[in-house]
Amino acid sequence: MATPQDQQPAQPYGQPPTIIINNSNSAAASATAVIGGAGLKRRRQSLWVHFWLLMFTAGIGNIFYGMHVSRWNRDRGL
């Protein structure tokens, strides 16, 4: 079935979708997302680690574990 020269063929799906590209991310935010895959997260202290350290080290290990987690967060600015 041929269409005349002055007539456009009908579009069965209507208008094409509108595509919006949002380029408002800062360079620091995108660089942080690349480091470590999903981004850096604040390291939390584990209740179970504290429990087992209390059982096996009479509480001395808890001090070192707490210092380790706090230093890890401080060094990364979290």
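These values consider heavy atoms only, across backbone and side chains, with no hydrogens, waters or symmetry-generated copies.
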Which residue pairs satisfy the ring-ring contact (aromatic ring centres under 6.0 Å, His included) criterion with at least one member in residues 56-78, sequence neighbours excluded?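 Qualifying pairs: His50-Tyr65, Trp52-Phe56.
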Please determine whether residues Met55 and Trp48 belong to a single hydrophobic cluster, defined as Ile, Leu, Val, Met, Phe, Trp and Tyr linked transitively by side-chain heavy-atom distances below 4.5 Å.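 Hydrophobic grouping puts Met55 with Trp48.
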How close do Gln45 and Ser70 get, heavy atom to heavy atom, and via which atoms? NE2-OG, 4.2 Å
Contact check, side chains of Thr57 and Asn62, non-hydrogen atoms, under 4.5 Å: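 Side-chain contact under 4.5 Å: no.
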Listed partners of Arg71 passing side-chain contact (heavy atoms from CB on, under 4.5 Å), at least two apart: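 Residues passing side-chain contact (heavy atoms from CB on, under 4.5 Å) with Arg71: Met67, Arg74, Asp75.
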